[in-house]
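Worksheet: the structure to be examined is printed underneath.
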Amino acid sequence: MKRKGFFGNWGGAFIPEVLHQTFQELEQEYRKAKDDPAFWQEYSALMSNYSCRPTPLTYAGNLSKHFGGAQIYIKREDLNHTGAHKANNVMGQGLLVKRMGKKRVIAETGAGQHGMATATMAAKFGFACTIYMGEVDVRRQRPNVFWMEKMGATVVPVKDGSRTLKDAINEAFRDWVTNLDDTHYVFGTACGPAPFPEMVSWFQSIIGQEASRQIVELHGKLPARIYACVGGGSNAMGIFQGFMHDAVELVGVEAGGHGIASGLHAARLCGTDSSPGVAQGYKTMFLQNSDGQMLETHSVAAGLDYVGVSPILSDLADKKRVRFESATDKEVIAALDLTMRLEGIIPALESSHAFVQAFKEAPGLSPNDAIIINMSGRGDKDIFTIAHAFDDPSWKEFIIARAEEYKK
Amino acid sequence: MKRKGFFGNWGGAFIPEVLHQTFQELEQEYRKAKDDPAFWQEYSALMSNYSCRPTPLTYAGNLSKHFGGAQIYIKREDLNHTGAHKANNVMGQGLLVKRMGKKRVIAETGAGQHGMATATMAAKFGFACTIYMGEVDVRRQRPNVFWMEKMGATVVPVKDGSRTLKDAINEAFRDWVTNLDDTHYVFGTACGPAPFPEMVSWFQSIIGQEASRQIVELHGKLPARIYACVGGGSNAMGIFQGFMHDAVELVGVEAGGHGIASGLHAARLCGTDSSPGVAQGYKTMFLQNSDGQMLETHSVAAGLDYVGVSPILSDLADKKRVRFESATDKEVIAALDLTMRLEGIIPALESSHAFVQAFKEAPGLSPNDAIIINMSGRGDKDIFTIAHAFDDPSWKEFIIARAEEYKK
Amino acid sequence: MQLEQILKNRRQEKEILLMTHIVLGYPSFEVNRQVIRQMVENGVDCIEMQIPFSEPMADGPVILKANQESIAAGTTIADCLEFGAEMADTYDIPFLFMTYYNIIFKYGEEKFLQQTQDAGLKGLIIPDLPPEMGEDFFRLAEEYRIAPILIFAPTSTDERMAELNHWAKGFIYCVARRGVTGRKSEFGDDFGTYLARCRKATDLPLAVGFGIQDRADVQALKGKTDMAVIGSRTIRLVEEEGPEAVGGFIAGLR
Amino acid sequence: MQLEQILKNRRQEKEILLMTHIVLGYPSFEVNRQVIRQMVENGVDCIEMQIPFSEPMADGPVILKANQESIAAGTTIADCLEFGAEMADTYDIPFLFMTYYNIIFKYGEEKFLQQTQDAGLKGLIIPDLPPEMGEDFFRLAEEYRIAPILIFAPTSTDERMAELNHWAKGFIYCVARRGVTGRKSEFGDDFGTYLARCRKATDLPLAVGFGIQDRADVQALKGKTDMAVIGSRTIRLVEEEGPEAVGGFIAGLR
Ligand SMILES: Cc1ncc(COP(=O)(O)O)c(C=O)c1O
Ligand SMILES: Cc1ncc(COP(=O)(O)O)c(C=O)c1O
C-alpha cells in the first residue's frame with residue numbers, strides 16, 4: 001500500500017503540529033492546480049514570457065570530438081532568468097501562492113540561486129520576502145545576496161549549526177511556524193515534507209518534457225544516458241522525469257568534495273557515510289553519525305552541500321532506476337575549465353559535477369549514442385569561488401585594490 | 001547618388017591602405033552571406049540552439065501600473081548566452097570568419113560584454129582570440145576579464161589615450177593591420193569602417209524581427225514608441241529595424257553622465273559638444289574639440305562611454321526618424337532600482353538608460369498604447385559598479401574581508 | 001502508574017501543575033543534576049528532558065543553542081538514557097524525554113522504548129512525529145507503556161484535535177501560539193477560545209507551553225489548564241544567574 | 001617647383017634620398033627646431049611633420065605616445081601651420097604635413113590647403129584617407145598644388161596600385177610591411193617582389209618606410225627605391241640621447 005507522501009520507504013511529512021493545517025491547504029491547492037490543465041498552461045506561458053523557456057538543448061560539438069565517444073548535448077537551464085533551473089520551481093510556487101492569497105514568501109538558499117529566484121518572483125508578484133542563508137554561504141555567494149537585497153528581499157544570515165543549507169532550512173521552518181497565516185515557504189528543492197518533493201519535481205519536469213522532445217528532434221532518437229548533479233535533487237528530477245519510462249540510463253552526480261574517503265563531501269546515495277534518517281520534515285538518506293546527529297558536509301559548490309536528498313531519488317536509488325556517482329572538487333574545476341575553453345559555456349560549480357561524470361563516460365560510448373548533461377545553472381554567480389579555485393593573481397590584485405578604495 | 005558605405009552624410013571606410021584588400025574581401029563575403037538565405041537560416045538556428053533566441057518580450061505589468069500610462073514591454077536581450085545582445089553580432093561574424101577561413105579573431109570591448117561574447121564565440125568556433133580593453137574598463141569590469149581569460153582569450157589592457165573604448169578600438173586596428181592575413185576584427189557595434197555599421201546592424205536586426213512579431217501577438221498592435229540605449233548603436237539599430245517603416249516612434253538614449261551641461265557625458269546626437277568628424281575609420285558625430293581632438297567622455301555605463309556613434313543613427317537623426325535623449329548616471333541608478341524591485345529584472349547599466357527615458361514618457365501615453373524597452377543586457381556583470389553606486393556597506397565589508405585573505 | 005493517572009492525582013492537590021524542561025548535557029550533566037534537584041525540591045510536578053538533536057526545527061534560539069552546545073560537548077544518546085534512569089530513580093515525579101524523531105529512529109524505535117521503560121520514564125514528546133507518520137511507533141509505545149504526548153496548536157481544527165486525542169496518552173501539550181519555543185505568549189481572548197476547544201477535545205490533562213515566563217503567566221493559566229510548562233526561561237536563568245537561581249524562581253511561580 | 005620634380009632633381013645627385021619624420025610639438029617646438037636643423041644640415045632631402053591627432057590609428061607606440069603628449073602639452077593646429085611656415089621659409093628642402101584626416105576635415109579642407117600652400121609646404125600624407133573617400137579633397141589639393149602622397153602596401157593588388165597611382169602626386173610611400181610604424185622590417189625576397197610591383201605601377205619616385213632603423217637598412221634599399229623614410233627611430237633617439245644626437249645619426253645613414 002502506498003502511503004501518502006511516501007516514495008517507497010522515503011518521504012512523508014514529519015512536521016510540527018502547528019503546520020498541519022498549512023500543509024493540508026498546500027496539498028489541496030497543489031492537487032487542484034495539478035488537475036487543472038489551465039494551471040500548467042499559465043505556468044508554461046509565464047516561463048516562456050518571463051524566463052526563456054523552452055531553454056535550448058545545445059549540441060557540444062567540440063566536447064564530443066574531444067572525447068571521441070558519445071554525442072554530447074547540454075540542456076541549458078543556465079539561460080533561465082536568474083541563471084538556473086531554480087526559477088522553474090519558484091515561479092510555479094509563486095502562482096500557487098497567488099491562488100492561496102498569501103502575501104509573503106520565505107525561502108532557504110545555499111548557492112543563492114534559489115534565494116535569487118525567490119526574491120525575483122516576490123518582486124514580480126508583489127510579495128514580501130525573507131531569505132534564510134547559512135552564514136558560510138553568504139560569504140561564498142555574496143553577489144547573490146546583494147541582488148536579493150536590491151530586489152527588495154531581506155536576507156538573514158543563519159549562524160547556527162554548520163551555517164549552511166540545512167541550517168537555513170531549519171530557520172525558514174522556524175519563521176514559517178510563526179507566520180503561517182500569511183506566509184508561504186517556497187521550498188527550493190525536491191526535499192522537505194510532502195507535498196514539496198513531488199510538487200517541486202512537478203514544476204521542474206518542464207526541463208525533461210522539453211529535453212525529450214528536443215533530443216529526438218536533434219539526434220533522431222533518445223539519448224543513452226542523462227547526467228544531472230544532485231544537491232536536493234530538483235534539477236535531476238526535473239530532467240529525469242522526461243525519460244523515466246524509456247530505456248535511458250539516468251545518472252545523478254553528488255558532491256565528492258575532497259573525496260568520499262575523506263569524509264568531506266556530500267555523497268548521500270553513492271557514499272558510505274549516510275544512513276536512513278528523518279530530519280527537516282522528511283525521511284531519506286542523511287549524512288549523520290551513529291547517534292543520528294547530522295554531519296558537516298563539504299563541497300566547492302554551495303548548492304550541493306546538503307545532508308539530505310530527495311526522497312524520490314532515494315527510492316529511485318533503491319529501485320536502481322538511477323545510478324549515483326560523485327565528483328570531487330578538483331575534478332569539477334577541471335571539467336569547468338575544459339567546458340569554458342572548448343564550448344564557451346560556463347556551468348555553475350553545481351552543474352559542473354554532472355559534466356565530470358559525463359566526461360568520464362563519454363569516451364566509452366558509441367558516436368551513435370547521445371548523452372545529455374543537465375546544465376542546471378550558469379557559473380557567473382560563482383566568480384568569487386572560481387577565481388579563488390583557479391588562484392587567479394589579477395583577480396586577487398583587483399580585490400585588494402578595491403578594498404583599499406573602500407577603506408579610505 | 002548614394003556613395004557606397006555611406007548613410008546620407010555619414011559612414012564610409014577611412015582606413016589605412018594596408019587594410020584595403022581585407023575590407024574588399026570582408027565586404028564580398030558579407031554580401032554573399034546576405035544574399036544567401038541559407039546563411040541567415042544557419043545564423044538563426046545557431047542563435048536558437050546556442051543562445052536562446054527568440055528572446056522573450058516580457059510584459060512589465062507592475063511598472064505599467066506604477067506609471068499608469070502606456071503598457072510597458074521589455075525585450076529580453078539579457079537572456080542571451082553571455083548576457084547581452086552582443087552575442088547576436090558576434091555569432092554572426094563568427095560564421096563569416098569560418099567562411100573566410102581565418103583562424104584568429106580580435107575585438108575591442110568597453111563594458112566587457114562584447115569581449116565576453118567574442119571570447120565565447122572563439123571558444124565555440126576554435127579560433128585564437130585577443131581582446132583589447134581600455135585599462136579603465138578593465139578595472140570597471142574585472143569579472144568579465146576573468147571569464148574571457150578562462151575562455152582562452154588574451155585580454156590586453158590598453159593604456160593609451162583615455163584608456164576606454166575608443167583607445168581599445170585603435171589598438172585593435174593596430175593589431176589588425178599587422179595580422180590581417182589570418183585575423184578578423186570582430187567589431188562590436190554598428191560603427192567603424194563600412195561594411196561594419198551595416199553588417200553589425202544586420203545581425204542585430206534579429207531583435208527587431210522578433211519584437212515586431214511578438215508585440216502584435218501580445219498587445220494586438222504595434223507599439224507607440226521604442227526605447228533603446230545608444231553606445232555605438234548596435235542594440236538600438238537591432239530593434240529599430242523591425243519598425244523602421246511603421247508609424248512607431250524610435251527613441252535612442254545616450255549617456256548623460258553627470259549631465260549634458262557638465263561636459264562629462266557621452267551625448268553625441270542629443271547634446272551640444274559634438275560635431276561631424278572622421279575617426280576610427282568612419283565619419284559620424286564625434287565628441288571632439290575645435291581642433292578635431294577627441295574629448296574624454298563619461299558614463300557610469302562602460303558600454304556607452306564612447307566618442308562616436310553609428311553613422312546610420314547620425315543619418316536617422318538628420319532625417320528625424322529617430323529621436324535622441326539622454327539619461328544621467330543618477331537617473332540610471334534610480335531606474336535600475338525601481339526595475340529590480342517591481343519586476344525582479346536587473347538591466348545592465350547601459351540598458352537602464354533606455355528604462356529612464358521610457359519611465360519619463362510612459363505616464364504621458366494612453367493605456368491603449370504599448371512601448372518597448374530594449375533591455376540590451378543583464379546587470380550581473382556590473383555588480384562592482386552597481387554595489388559601489390548604491391554604496392552598499394556589506395558589499396564593502398565583504399570585499400575588504402576577501403582582500404585580507406588574499407594578502408596573507 | 002501511568003502518566004495520565006499520576007498527573008490527575010497530583011492535580012487533585014494543586015490548582016495548577018508545573019512542568020519544566022531541561023536540555024540534557026547542557027551546560028553539563030552535573031548542572032542538569034543541580035537544576036533538577038532544585039526543581040523537584042520546589043514542587044515541580046513533571047520534567048521533560050530534551051535529548052539534543054542537531055536540527056531542532058521547532059525550537060527557538062535559546063534551546064537551539066543549548067542543543068548544539070550539548071552535542072559539541074560530546075553528549076550521546078546513551079548518556080541521556082543513563083542520566084534519565086538516574087533521575088527517575090532518584091526522584092518521585094514523572095520524567096519524560098523530549099526529542100526529535102530522528103534520534104529515536106536512528107537508535108532503533110523498539111530499543112529506545114525498551115530502554116526508556118527500563119529507565120523508568122513515563123512519556124515521550126516528539127514534536128516532529130505526527131501520529132500519521134508514526135502509527136507503528138505509537139503502537140509500540142503503548143506496548144512499552146510510554147505515553148506519547150501529542151500537541152495541540154491554535155491552528156488545529158476540532159477534527160484534528162479529535163484525531164490527535166485518539167493517539168495521545170498522558171496529557172495534551174497545548175502550544176500557546178504559533179512559532180517556536182522561547183518567545184513570550186499573550187493569553188488574551190483568542191487564547192481562551194482556543195483553550196476551550198482543547199478542553200472539549202480531550203479528557204486528558206492539558207498542559208500549556210511556549211513562552212511562559214513568570215508568576216503572572218502561571219497565575220493567568222490557573223483554572224484554564226492543568227499544567228503550565230516552563231521551557232527556555234529556566235535555561236536562560238541558569239545561563240544568567242547559575243543553577244542556584246532555579247529553586248527560588250520555581251518556588252515563586254505558583 | 002612641385003614635389004615630384006624636386007625629388008627627381010635631388011635623386012640625380014644621390015644614390016638614395018632620405019626623408020625623416022617628426023611629431024610637431026613633441027617634446028616641444030623648440031626641440032623640433034633643433035632636430036630639423038640637424039636633419040637639414042646633415043643632408044635630409046624631405047621632412048614630414050606630423051600634426052598630432054588623439055586617435056593615430058596607424059601609428060605604433062612611439063609615435064602614438066608622441067602624439068598624445070604633444071596634444072597634452074597644448075599643441076594646436078594653428079601652432080603647427082605656423083611652425084610649418086617657419087621651417088619651409090628657413091630651409092630649402094621640401095616639407096610635408098602628415099596627419100589624420102579628421103584634423104583637416106575639422107579645420108576645413110580648403111582653409112587647410114590654402115594655409116598649407118601659403119606656408120610653402122609641398123605635400124600631405126593622410127594615412128586614413130584613401131582616394132575613394134576623398135575625391136573632392138584630392139581635386140582641391142591639386143588646385144592648391146599640394147601633393148597628396150599615397151601609400152602602397154604589400155597587400156595592395158596591381159589593380160589597386162594603378163588606381164592609387166592615378167590619384168597620387170609627389171611620390172609613392174611604400175610601406176615595407178604589414179603593421180604600424182615603429183617595428184623593424186625585413187627586406188627579404190618577398191620585399192623585393194613587392195617593390196618591383198610598386199616600381200612597375202608608377203612613374204613617381206618611390207619612398208620606403210616603416211621600421212628603417214640604421215645604415216644597414218638604408219644601404220639595403222639603395223638601387224631599389226628612391227627614398228628611405230626614417231620615422232620613429234629619430235623620435236626614440238631624441239628621447240634617449242637628446243636632439244644633439246640626430247645630426248650624427250643622419251650623417252651616418254648613407
Ligand atoms: C545551479 C544549481 N544547480 C544545482 C543545484 C542543486 O540543487 P538541486 O539538486 O535541487 O537541483 C543548485 C542549488 O542551489 C544550483 O544553484
Ligand atoms: C549591455 C550593453 N548594452 C548596450 C551597449 C552599447 O552598445 P550598442 O550601442 O552597440 O548596443 C553595450 C556595450 O558594450 C552593452 O554591453
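These numbers come from the heavy atoms of this one structure, side chains and all, not from hydrogens, waters or symmetry mates. Residue numbers begin at 1 in each chain, while the letters A, B, ... track the order of the sequences.
- For chain A, no part of C/Thr99 is nearby; none of its heavy atoms comes within less than 4.5 Å.
- One finds the CD atom of A/Gln24 at 7.0 Å from the CZ atom of C/Arg160 (value rounded to the nearest 0.5 Å).
- In this structure, chain A has heavy atoms under 4.5 Å from both the backbone and the side chain of C/Phe53.
- With a 4.5 Å cut-off on non-hydrogen atoms, C/Val175 does not touch chain A at all.
- Residues A/Gln293 and C/Ile103 approach most closely at NE2-CD1, 3.7 Å, considering heavy atoms.
- Looking only at distances, no side-chain donor or acceptor of A/Arg174 sits under 3.5 Å from a matching main-chain atom of C/Ala58.
- Looking only at distances, no side-chain donor or acceptor of C/Asn102 sits under 3.5 Å from a matching main-chain atom of A/Ala279.
- Checking side-chain atoms of C/Thr155 against main-chain N and O of A/Gln21 turns up no donor-acceptor pair under 3.5 Å.
- The backbone N or O of C/Ile77 sits less than 3.5 Å from a side-chain atom of A/Asp291, completing a donor-acceptor pair.
- Using modelled atom types, one finds a donor on one side chain and an acceptor on the other under 3.5 Å when comparing C/Lys106 with A/Ser275.
- In terms of modelled atom types and a separation under 3.5 Å, the side chain of A/Thr178 and the main chain of C/Arg178 share no donor-acceptor contact.
- Neither the backbone nor the side chain of C/Ile104 comes within contact range of chain A; no heavy atoms are under 4.5 Å apart.
- The two residues C/Met133 and A/Gly12 come nearest to each other via the heavy atoms SD-CA, 3.7 Å.
- For a residue to count as touching a neighbouring chain, one of its non-hydrogen atoms must lie under 4.5 Å from one of that chain's; by this rule C/Pro56 touches chain A with backbone and side chain alike.
- Distance check: C/Met57 CE to A/Phe173 CZ gives 4.0 Å after rounding to the nearest 0.5 Å.
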